[in-house]
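Each remark here refers to the structure printed beneath this line.
Note that these values count all heavy atoms, side chains included, but never hydrogens, waters or copies made by symmetry. All ligand and atom numbering here is 1-based and tracks the order in the structure.
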Amino acid sequence: MSLRALQRTSCIRTPTASRTLPNRVGSPRTVHTQRNPKSSTWFLGSRRSLFASGTTTAAATAVGSGNSKFALLFGSAASGFALAGFYQFLIPRHEAPDGDQAPVHPDSPQQAVPPSITGTKVESKDLVSYEEVQRHNSAEDCWLVIDGQVYDVTAFLDLHPGGKQVILKMAGQDATRVFKPIHPPDTLEPNKLSVAYPELKLIGTLDQTTLPRLVLEPTEEEKRIAAAREALPLPSAALNLDDIEGLARTVLTETAWAYYSSAGDDEFKYNVLIAYHRLNKVSHASPTTNILSFPSSLPIFVAPAALARLGHPGGEVNITRASAKEGIIQGISNNASCSIEEIVSAREEGQVLFFQLYMNRSRKASEELLRKVEKAGFNAIFLTVDAAVPGKRERDQRVKGDFAVRSPFYQTIWHPGPVLHAAVSLDEAPSDLKPLRFPKGALGWTSGPAVNGQDRAGNGVAQAISGYQDPDVCWADIPWIQDITKLPLIIKGIQCVEDAEKAYEHGVQGIVLSNHGGRQLDFSPAPITVLQELRERRPDLLDDKNFHVFVDGGVRRGTDVLKALCLGARGVGLGRPFLFANSLWGEEGVRRAVQIMREEIITGMQLLGVTSLDQLRPEMVKYVDRDPARVPPNPRFDIPRLTNGSK
Ligand code: HEM
Ligand SMILES: Cc1cc2nc3c(=O)[nH]c(=O)nc-3n(C[C@H](O)[C@H](O)[C@H](O)COP(=O)(O)O)c2cc1C
């Protein structure tokens, strides 16, 4: 089964067998939709290689509710990264002025949150006791604490873009923990405060010594994660990307694991290609290349993937820093958990970043986002077209999406309010814009229609964050985007030769053959299969220097990359491996994952007998059609037995 990318899918139509399309590049061309008779039934792979695609892992809800409790209870006792390190900066603890007898409270962070997450604090000299704050706990008199500062929000309640009720739930309490993940980091910046929210009154600074002492029991999951973090080896102990995945599963929350690892309805394993050996002098093999026109130390890039903060509080910013250090290009998801501003400020000078766009139901919102990312200096746009609606990700749905990390781009676009970055007014928002409540009090919004007649709440993380995406994106939108931005445009999610041809004819700079890591259409072809078919049927597209074909999905080995390159791909994306590596060790973990790929690619090149990537040829690989080996929907992964400190 093949997904017809860019077909309007809110009303499904059968594609015609062949047609003549207007050609913006050259003369009109007939597009042939005849399938290669040799190609077998397509199956979605899972986990391994391009020949599979994606089953994998999960992480600790970075700024979620439970961790803070845990940090409190175990923070002083535990040593190492597990608690004193990791949790301390997830949810900062109170320093105890008089040793461990000092009062503590989970939601009043001190300075431990990294600056990129914290935002700027308003400092006030007046000390206010926590008891006093607690007295102002109604709609008529509502105070709360954020970042150690006490605010009177009574007059602001009706103006709050996220609604009055969410604030009232925190009336008289410390709201830092719920505030931070869902607000832009500069929301309470001093110079912005009086202008944007004159109704908000700063009362003073919370007197930390008045906080009640809380003794909170960690949940079983918190205990499990802390123990796993305690036992984590150094990044260098991971020898391959499967080691990273196995370890990541141990430290991720059930929610994060389910979201990261989930694939389509069923999950399959598939192997396709075999590489041959060539004799050559290979002591110096260089894996450097250009991706589009940008230099890259390796023929791989970070495939855009949402919500990196589910696994680590540093989120996408960790990946940005690691990519800069390792010299590879990062794709930033439209549903990233760090804001554009955070990512751009972490970026090194000249660092190449691609931005992945989901077309918004409001074209105006998409236009503004495109202009924003171009202005911010992003280097290319990846338009994702294989996610007209979220795939049926049962693993994700089963855990019901209990998370507290939101996509700032998404908030920015859809939230009517005084400080909208994308300035979409309420009357332009879709009529079904409605608040969405996640279980356990995490809040969000969705603009999408109810799923199967039900609210999106409890349908998993993917359902929750995808509501604004337009199922009616079609080919006519391509010239529309090209008129708005001069950046190279790459269509991501092409799953058949016919759509590759259409993309070519629409004058885009490239495509990503991808099935979204197996998370969308079940039984969609493994991207390597489509690449092989493209090689057979339209080698001219692969050989055109101005048209770049990329591929992603299940790439876990250097040899996977080399096989794709042999067939003509210009670069290969990896999604989950970087999410998992980030979940384990943040920036260091992502660097380790890149290093593993570097070692494997160079070794693979040497064993293949090539010293540069342009020597890779289709003749060096062989396509093997074979039946996929069925694996259960929730496969168990071997957790590597690596011990702390092992090299
Ligand atoms: C003094 C405090 C607060 C200020 C100045 C404030 C300001 C804002 C602003 C400006 C937005 C729109 C964000 C955007 O569109 O980029 C927003 C959204 C929101 N706020 Fe607040 N807020 C405050 C407190 C809170 C608290 C205490 C909560 C929860 C307990 C909360 C929950 C939300 C939610 C759920 C949204 C919608 C975000 C989304 O769904 O994407 N806010 N707030
Ligand atoms: C957790 C997760 C989130 C993703 N989010 C996005 C996204 O926001 N936009 C997008 O175009 N692709 C997204 N993808 C798909 C990736 O870009 C990529 O196609 C896929 O991960 C490749 O498969 P791999 O994970 O096996 O490497 C996501 C994938 C995962 C696993």
Mark up the atoms of ligand 2 that fall under 4.0 Å of a heavy atom belonging to R556, in ascending order.
24 (P), 25 (O), 26 (O), 27 (O)
Can you see which heavy atom on I596 is nearest to which on A238, and at what distance?
CD1-O, 3.4 Å
What orientation do Y358 and H516 show, parallel under 30°, tilted 30 to 60°, or perpendicular over 60°?
parallel
If you take the nearest heavy atom of each of G573, P304, A336, which one is closest to atom 17 (O) of ligand 2?
P304
For ligand 2, which atoms have a heavy atom of L574 less than 4.0 angstrom away?
27 (O)
Within the 4.0 Å heavy-atom shell around G554, which atoms of ligand 2 are there?
23 (O), 24 (P), 26 (O), 27 (O)
Do V621 and L567 have side chains that get closer than 4.5 Å, going by heavy atoms?
yes
Salt bridge present between R321 and E342 (N-O < 4.0 angstrom)
no
S514 heavy atoms within 4.0 Å reach ligand 2 at atoms 19 (O)
Residue pair E326 / Q595: nearest heavy atoms and the distance that separates them:
OE2-NE2, 2.9 Å
Close-contact set for ligand 2 against T384 heavy atoms, below 4.0 Å:
10 (C), 11 (O)
So M597 and P577, do their side chains get closer than 4.5 Å, heavy atoms only?
no
For the pair R249 and E245, find out whether any cationic side-chain nitrogen is under 4.0 Å from an anionic carboxylate oxygen.
no
Hey, is L579 one of the residues with a heavy atom under 4.0 angstrom from ligand 2?
yes
With a cutoff of 4.0 Å, is Y358 in contact with ligand 2, counting heavy atoms of the residue only?
yes
Just heavy atoms, cut-off under 4.0 Å: does A306 contact ligand 2 by side chain, backbone, both, or neither?
both
Can you say whether the rings of F382 and F550 are parallel (under 30°), tilted (30 to 60°) or perpendicular (over 60°)?
parallel
Mode of Q356 contact toward ligand 2 - side chain, backbone, both, neither (heavy atoms, under 4.0 Å)
side chain
Pull out every atom of ligand 2 sitting under 4.0 Å from any heavy atom of G575, numbered as shown with elements.
21 (O), 24 (P), 25 (O), 27 (O)
